Colleague: 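Take this structure first; my questions come after.
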Amino acid sequence: MTEALLGGMKPQQFLDEYWQKKPLLIRNAIPGFQGLLTPAQAKELTADEDVESRLVHAGNDGWDMINGPLRKRDFPRSGPWTVLIQGLNLLLEEGDALLRQFSFIPFTRLDDLMVSYATDGGGVGPHFDSYDVFLLQGLGQRRWQISAQKDLTLLDDVPLKILKNFSPTQEWILNPGDMLYLPPKYAHNGTAIGECMTYSIGFRAPSARELSSAFLGFLEEKLSLEGLYTDPDLRATPTPARIPDEMAVRVAEMLSRIRWAQRDVTEFLGQYLSEPKAHVFFDPPHEELSPAAFKRAALTNGLRLDLRTQMLYAGGKFFLNGEVVIIPAADAKAFRRLANERTLSELKSLSQTGWDLLSDWYADGFLHLQQKM
Ligand code: SIN
Ligand code: CO
């Protein structure tokens with residue numbers, strides 16, 4: 001990242017003073033930034049069924065939203081509208097590179113890069129998000145109004161989240177390269193001034209409900225309690241419909257054997273947070289090299305993770321696209337580098353097991369040979 005990205009602040013200062021605390025407007029965060037896509041390219045992406053997109057407009061009878069893939073006739077002929085495209089980092093090298101400028105924040109918090117394209121006056125209405133977001137202006141201008149209001153009541157009967165009462169306390173017009181950071185639950189409203197494209201770098205903050213339900217699923221797979229319910233001391237009952245107190249006590253005792261340690265939680269996080277999103281699929285190489293040819297090419301060219309690959313680690317454990325992977329200790333340093341930097345060119349000292357893993361990941365489309373410069 002460059003000094004300009006956080007307005008000259010060091011990442012730690014930004015984290016201490018603003019992250020999850022208060023908004024920050026950064027003029028010229030990316031000097032000369034013109035965006036990554038033209039409006040025509042953005043519209044084209046919304047027609048693709050593998051791309052997550054939405055069209056939002058405020059019609060005569062209120063807010064309207066259509067989920068992609070979008071057809072030509074879905075776009076209103078008049079009046080302002082916005083299209084939103086999720087996961088741009090999974091589609092474009094430049095999108096991934098933009099996201100990685102924020103690598104001072106752990107990948108476990110990273111969600112995705114979204115882009116919006118709006119016609120004059122377009123926007124998605126006043127709302128709040130449940131995640132931290134950097135709103136980076138691409139093409140054109142957008143007026144952002146924000147409010148620290150506590151009233152987050154939403155309109156009923158609309159297909160998207162719109163605040164019932166929005167009382168902006170600050171507003172700015174953002175030009176290309178300007179960026180606004182907003183913590184979760186901060187009310188905001190963006191309105192396009194002329195044709196406008198805005199890039200949202202979003203950070204996931206999973207809810208306790210989401211985590212607990214996923215963790216219980218993880219435990220279920222990991223756990224196998226032994227034994228069978230027993231009651232050799234059963235007494236004859238005149239009230240057979242009643243749940244016996246002794247049964248509840250014994251079952252509570254059986255269930256109390258469900259235990260987990262910090263390392264189980266870390267393993268759960270590694271699997272859960274590296275799991276690709278539902279619509280993500282990997283493409284194996286068109287002309288797959290044999291393992292020996294792959295090794296020769298990798299030693300010369302180096303490797304890079306696919307844009308869609310999520311690789312995390314904790315201690316000696318590695319997680320790749322939702323799976324735990326055991327890496328030989330001697331290779332751990334190289335694999336940690338691959339996870340952090342997403343490329344690897346120092347491959348000479350890898351063990352055969354390390355090569356076998358890389359070869360499998362290459363065949364699965366999880367990683368690729370780097371293009372030779
Ligand atoms: C937009 O870019 O129009 C919406 C982004 C947001 O408000 O989170
Ligand atoms: Co928002």
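Both counts, for ligands and for their atoms, begin at 1 and track the order of listing. Residue numbers run from 1 in the order of the sequence given. What you are looking at is a predicted structure, and each value in this text was computed from that prediction instead of being measured.
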Colleague: Near ligand 1, which residues have a heavy atom under 4.0 Å away from one of its atoms?
Modeller: M114, S116, V124, H127, D129, L135, R142, W144, H188, T198, S200

Colleague: Does the pair R142/D178 count as a salt bridge with the N-to-O cut at 4.0 Å?
Modeller: no

Colleague: Within the 3.5 Å criterion, strictly below it, is a donor on Y117 or E195 matched to an acceptor on the partner's side chain?
Modeller: yes

Colleague: Does a salt bridge link K222 with E267, judged by any charged N lying under 4.0 Å from a carboxylate O?
Modeller: yes

Colleague: Determine, stepwise, if the pair L98 / N89 fulfils side chain to side chain contact (heavy atoms under 4.5 Å, CB included).
Modeller: CA-CA 8 Å; L98 176 57; N89 54 303; over 6 Å; no

Colleague: List the steps and the verdict of side chain to side chain contact (heavy atoms under 4.5 Å, CB included) for D306 and W361.
Modeller: CA-CA 10 Å; D306 184 82; W361 295 353; over 6 Å; no

Colleague: Quick check on Q352: does its CD atom have over 12 non-hydrogen neighbours (other residues, nucleotides or ligands) under 6.0 Å away?
Modeller: yes

Colleague: Check whether the side chains of Q86 and D112 place a donor and an acceptor atom closer than 3.5 Å, and report yes or no.
Modeller: yes

Colleague: Evaluate the ring planes of F268 and F215, with Trp represented by its six-membered ring, and classify them as parallel (under 30°), tilted (30 to 60°) or perpendicular (over 60°).
Modeller: perpendicular

Colleague: Please report how many protein N/O/S atoms lie under 2.8 Å from the Co ion (ligand 2).
Modeller: 3

Colleague: Tell me whether the NZ or CZ atom of R100 lies within the 45° cone about the ring axis of F107 and under 6.0 Å from its centre.
Modeller: yes

